[in-house]
There are 2 protein chains.
Amino acid sequence: MDDETARDQVVTAADRLFYAHGVHAVGMDAVRAEAQVSLKRIYSLFPSKDDLVVAVLHHRTEQWATGLEAAVRAAATPRDRLLAVFDFLDAWFREDDFRGCAFINSFGELGATSPAVAEAVRAQKAAFQEYVLGLVREEGLPDVVAAQLAILAEGAQTTAAISGDPAAAAQAREAAAVLVDAALARGEHASTV
Amino acid sequence: MDDETARDQVVTAADRLFYAHGVHAVGMDAVRAEAQVSLKRIYSLFPSKDDLVVAVLHHRTEQWATGLEAAVRAAATPRDRLLAVFDFLDAWFREDDFRGCAFINSFGELGATSPAVAEAVRAQKAAFQEYVLGLVREEGLPDVVAAQLAILAEGAQTTAAISGDPAAAAQAREAAAVLVDAALARGEHASTV
DNA sequence: TACAGTAGAGAACGATGGTTCTCCGTGCAA
DNA sequence: TTGCACGGAGAACCATCGTTCTCTACTGTA
């Protein structure tokens, strides 16, 4: 097995375990067992557990971006593309192993003690906001709407995680629709005056 | 020192330490040092660290409710009372030691391993939603608005915590105002038709 | 003064976990 | 075949931490 596939197996296994049980609750030996890669090899690929956590977060960042972009691309109009973000959340919340946002969870667990983890989480959230901002601008809406939609998305994630009820996605979607339409109405009003 | 004040000192000290550094990062010995209460005493008051964590969360729940209710009471109109929730968040986010919502952080850290902690967090969030629901009904708005406002509040908390920027409160407040006004307009429209 | 009971300081204990090390088997080169 | 570099399995090491225990000091009482 070459380094690349070993690395992949370790990251995938660690992701699964960390997400399901939390980082502290999972020992490196459990990662070794799940990944079927020796501890020696793991430590040759990742200098420390902290580095592995960061690698897992980067991996999740890519996965998330890929899935989100696919969901958005499937929508027809700019307005639907904005709301597709929340449909994407809805589908995610309904998955059996949904346990909230891995980034928010990791931040709560390690943000105070690991600057590298805190930075990885910050980067992911910033990237998401940037992505939403792009969608908002396509719609010709003011930038502030992007921040509002991002806040709705974050709130839906924590609410769904803690309450265990996926309904938060639909509620956030409805709120997003109201915000978007209100901004559209204001824009049209402004342009017609 | 009687049991009650000892208990208070321990909970207050543990709250400060857990919030600042996370639960795992703080040993019971650090709690003992900060609270100036012997380990023996601590363990006679709380059977385990987990029980202490739950006690801290309950303490925070009361503190939060008290502060929020005071902020809401200071507002004049029902609409202002709804928005006062976000002004309360704004003031909180600007505090020097703000490190996000302790409940969300604790859930991320321990929710997967400690049912008692998960339940305490769930209870706090449910109580908050219930409180917002009361304010929304005072305004004569449909219940769904309460869920939307609660999601905005949660999103503002995680966004402010991760980005480190208190602006999320003002952005959420603006979104809340739009949602409330839209609901009011729909209501008036419905009653005038 | 002698004593019983309590509480505190801090050592001790047992478990766990991150990280490193040792030992062994394997495959490859000459 | 011999020697060697490599990788794996898992023990070992060291630190930390939750929890308990021991020993000592002190308080109030007869």
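Protein chains get the first letters and strands the later ones, always in sequence-line order, with residue 1 at the start of each.
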At a heavy-atom distance below 4.0 Å, which nucleotide of DNA chain D is the first touched by chain B, and which is the last? D/dG18 to D/dT22

B/Ser48: side-chain hydrogen bond (donor to acceptor under 3.5 Å, both in side chains) partners, not counting sequence neighbours: B/Asp51

Could you work out, with side-chain hydrogen bond (donor to acceptor under 3.5 Å, both in side chains) as the rule, every residue matching A/Arg173, not counting sequence neighbours? A/Asp87

Just grab all the salt bridge (Lys or Arg N to Asp or Glu O under 4.0 Å) pairs involving residues 132-161 of chain B, residues at least two apart or on different chains. B/Arg81-B/Glu138, B/Lys125-B/Glu154, B/Arg137-B/Asp143

For residues 24-70 of chain B, which residue pairs pass the ring pair (Phe, Tyr, Trp, His ring centres under 6.0 Å) check, not counting sequence neighbours? A/His24-B/His24, B/Trp64-B/Phe88, B/Trp64-B/Trp92, B/Trp64-B/Phe128

B/Ala112: partners by side-chain contact (heavy atoms from CB on, under 4.5 Å), with sequence neighbours left out: A/Arg99

Mind checking what makes side-chain contact (heavy atoms from CB on, under 4.5 Å) contact with A/Ala176, not counting sequence neighbours? A/Leu83, A/Phe86, A/Leu149, A/Leu152

Axis-to-axis angle between the two ends of the helix from C/dT1-D/dA30 to C/dA30-D/dT1 (five base pairs per end, rounded to 10 degrees): 30°

Side chain to side chain contact (heavy atoms under 4.5 Å, CB included) for B/Val31 and B/Leu39? Distances and angles first, verdict last. CA-CA 9 Å; B/Val31 173; B/Leu39 276 178; over 6 Å; no

Pull out every residue in residues 16-27 of chain A that has a heavy atom closer than 4.0 Å to any atom of DNA chain C, ordered by number, or say none. A/Val26, A/Gly27

Interface with DNA chain C, restricted to residues 108-121 of chain A and to heavy atoms under 4.0 Å: none

Assess whether a salt bridge exists between B/Arg79 and B/Asp181, defined as any Lys/Arg side-chain N lying under 4.0 Å from an Asp/Glu carboxylate O. yes

Are B/Asp3 and B/Arg41 ion-paired here, with the side-chain N under 4.0 Å from a carboxylate O? yes

Whether A/Arg60 engages the ring of A/Phe18 as a cation-pi pair (distance to the six-membered ring centre under 6.0 angstrom, angle to the ring normal within 45°) should be assessed. no

In residues 31-53 of chain A, which ones come under 4.0 Å of DNA chain D, going by heavy atoms? A/Ser38, A/Lys40, A/Arg41

The criterion is ring pair (Phe, Tyr, Trp, His ring centres under 6.0 Å); which residues satisfy it with B/Tyr131, sequence neighbours excluded? none

Is the CD atom of B/Glu119 crowded by more than 12 outside heavy atoms at less than 6.0 Å? yes

